[in-house]
Amino acid sequence: MNIYELHYLAFTILGITLGVLTMYYIMNRRAVMMYIGRLGQWITTLSGLPSYCSLPFMVSFVSPSTASSMLVTMYKDSKLTRRELYIASLINAFPALLSHLRTLIPVLLSTMDMYGLLYLLILMTIGFIQMIIFAVLGRRGSSEHKNIDSAAKHTEQVVGSSLNLRRALKLIMRIVLVTSITSVVFAVLEVLGFNNYINDYLSHEFNVLNPYLASLIVTYIISDNAAFAAAGTLINEGFNGILVVKWLLIGYVASSLIRGIRHNAPYYLGIYGLRDGITIMLISTLTRALLALLILGILYLI
């Protein structure tokens, strides 16, 4: 396992562990839990999800792993159906995206200026549309009429009984084990040259495209920050900024389907398990990719 893999694995496990412990702490702070739950009440009203899903939605803005752990705990306690688990997880992808964008904003603005801001707004739009799509699907599939007035109290009763310290530690051990195994598997594939094969194959296939576009796509698959720097260089060299943003969207789709799955697999499998983790990850990834292609088509028509 190379240095990158060790670095990624260490921070993934640390983030998930702190997230679960934070969840345990929050669940034992009645006032904090009720206040946070009220702030997210609008999303459960919109989606038809149980009122207690408002808490993990709000927590996703700060710690997506904590929110996902909350949902899994509720599901295992039979407080959520599998369908509700999927809908809630896919809706939470938007606040989770916003929590990650704070690290992208300085990079995008420093490399691409106003076009970086445009690309950032496009990514936010993709995430927001995804949230609305699954909120609508959740509402259409909900047959239960929620009592909004008792939402905060209901949240406290359900979430507060969902986790104790023993269960928190047990969940941490399972997540760490599955995440470590998944990361090791991908590391072995990389050592065997699987990533190099994919990159070489894509480089060959993209040769039929504009060489600048092909280079940007392959760079995006390897590293998004490197792609943003390359895009900024192209803009500084006189390339049309809107055209470069379109190329970035193509790279975003390719990266989502290749590097995104590899990058997110340990997280999803570690928290949700094999079946649910793969399903939620693929639905979320394919939805974002299709929405990106839709926006790309609109940009080409303008």
Side-chain angles (χ1 to χ4, degrees), residues 23 33-75 77-102 120-156 158-159 162 252-253 256 260 264 267-268 271-272 276-295 298:
M23 172 178 59
M33 185 172 63
M34 292 182 65
Y35 175 73
I36 296 176
R38 288 194 189 98
L39 291 178
Q41 187 174 301
W42 64 273
I43 193 63
T44 57
T45 302
L46 176 65
S47 63
L49 289 171
S51 58
Y52 37 84
C53 288
S54 61
L55 181 60
F57 175 78
M58 293 304 300
V59 173
S60 289
F61 284 96
V62 180
S63 174
S65 60
T66 302
S68 297
S69 300
M70 286 181 173
L71 292 175
V72 170
T73 302
M74 294 174 189
Y75 171 67
D77 281 350
S78 299
K79 301 300 189 301
L80 294 176
T81 64
R82 174 171 272 115
R83 183 181 186 279
E84 289 172 336
L85 171 68
Y86 285 17
I87 292 294
S89 300
L90 293 165
I91 287 175
N92 288 1
F94 176 63
L97 170 67
L98 296 183
S99 73
H100 293 307
L101 285 183
R102 61 174 176 260
L120 178 67
L121 292 175
I122 290 175
L123 293 182
M124 293 176 62
T125 300
I126 291 172
F128 181 76
I129 295 175
Q130 173 177 318
M131 181 185 71
I132 296 300
I133 288 174
F134 289 109
V136 171
L137 291 176
R139 187 169 187 82
R140 291 189 62 180
S142 174
S143 58
E144 180 184 351
H145 296 284
K146 308 297 184 300
N147 185 345
I148 297 177
D149 293 333
S150 63
K153 183 178 180 180
H154 199 193
T155 298
E156 179 191 0
V158 173
V159 181
S162 293
Y252 173 81
V253 173
S256 297
N264 292 323
Y267 171 84
Y268 280 99
I271 293 180
Y272 293 99
D276 296 327
I278 290 178
T279 304
I280 294 172
M281 178 180 67
L282 289 180
I283 292 175
S284 182
T285 300
L286 292 176
T287 301
R288 288 198 306 270
L290 290 174
L291 289 174
L293 289 175
L294 176 62
I295 293 177
I298 293 174

### Query
Hey, is the main chain of Thr45 close enough, under 3.5 Å, to the side chain of Arg139 for a donor-acceptor pair?
yes

### Message
When you compare the side chain of Ile133 with that of Leu291, does any pair of heavy atoms fall below 4.5 Å?
### Response
yes

### Task
To the nearest 0.5 angstrom, please state how far the CG atom of Leu294 sits from the CD1 atom of Ile129.
7.0 Å

### Message
Run Tyr252 and Ile122 through side-chain contact (heavy atoms from CB on, under 4.5 Å) and show every step you take.
### Response
CA-CA 11 Å; Tyr252 173 81; Ile122 290 175; over 6 Å; no

### Query
Ala292 and Val253: which non-hydrogen atoms are nearest, and at how many Å?
CB-CG2, 3.7 Å

### Query
Side chains of Cys53 and Glu84: closer than 4.5 Å at any heavy-atom pair?
no

## Note on the structure
Here the gap from Ile283 atom CD1 to Phe134 atom CZ, rounded to the nearest 0.5 Å, amounts to 6.0 Å

## Note on the structure
Of all heavy-atom pairs linking Leu80 and Pro50, the shortest is CD2-CG, 3.8 Å

#### Entry: Separation of Ile278 CD1 from Thr285 OG1 (nearest 0.5 Å)
11.5 Å

### Message
Assess the residue pair Tyr86 and Asp276 against the criterion (side-chain contact (heavy atoms from CB on, under 4.5 Å)); give the C-alpha distance rounded to whole Å, side-chain angles, the decisive distance to 0.1 Å, and a yes or no.
### Response
CA-CA 8 Å; Tyr86 285 17; Asp276 296 327; 2.6 Å; yes

### 4.5 Å side-chain heavy-atom contact, Tyr75 and Leu71
no

### Query
Taking the side chain from Ser99 and the backbone from Ala96, do they hold a donor-acceptor pair closer than 3.5 Å?
yes

### Message
Looking at every heavy atom in both Ala67 and Asn92, which two are closest together, and how far apart are they?
### Response
CB-ND2, 4.2 Å

#### Entry: Expected output: side-chain Tyr52 to main-chain Met74 donor-acceptor under 3.5 Å
no

### Donor-acceptor contact present, side-chain Ser68 to main-chain Pro64, <3.5 Å
yes

### Task
Answer whether the closest heavy-atom distance between the side chains of Ile132 and Leu46 falls below 4.5 Å.
yes

### Query
Would you call Ile91 and Ser60 a side-chain contact if the rule is heavy atoms closer than 4.5 Å?
no

### Task
Specify the closest pair of heavy atoms between Met124 and Phe94, including all atoms of both residues, with the distance to one decimal.
O-CE1, 3.5 Å

### Query
Are Arg288 and Ser284 close enough, and set up right, to give a side-chain contact (heavy atoms from CB on, under 4.5 Å), and what steps lead you there?
CA-CA 6 Å; Arg288 288 198 306 270; Ser284 182; 2.7 Å; yes

### Query
Would you call the rings of Phe57 and Phe61 parallel, tilted or perpendicular, where under 30° means parallel and over 60° means perpendicular?
perpendicular

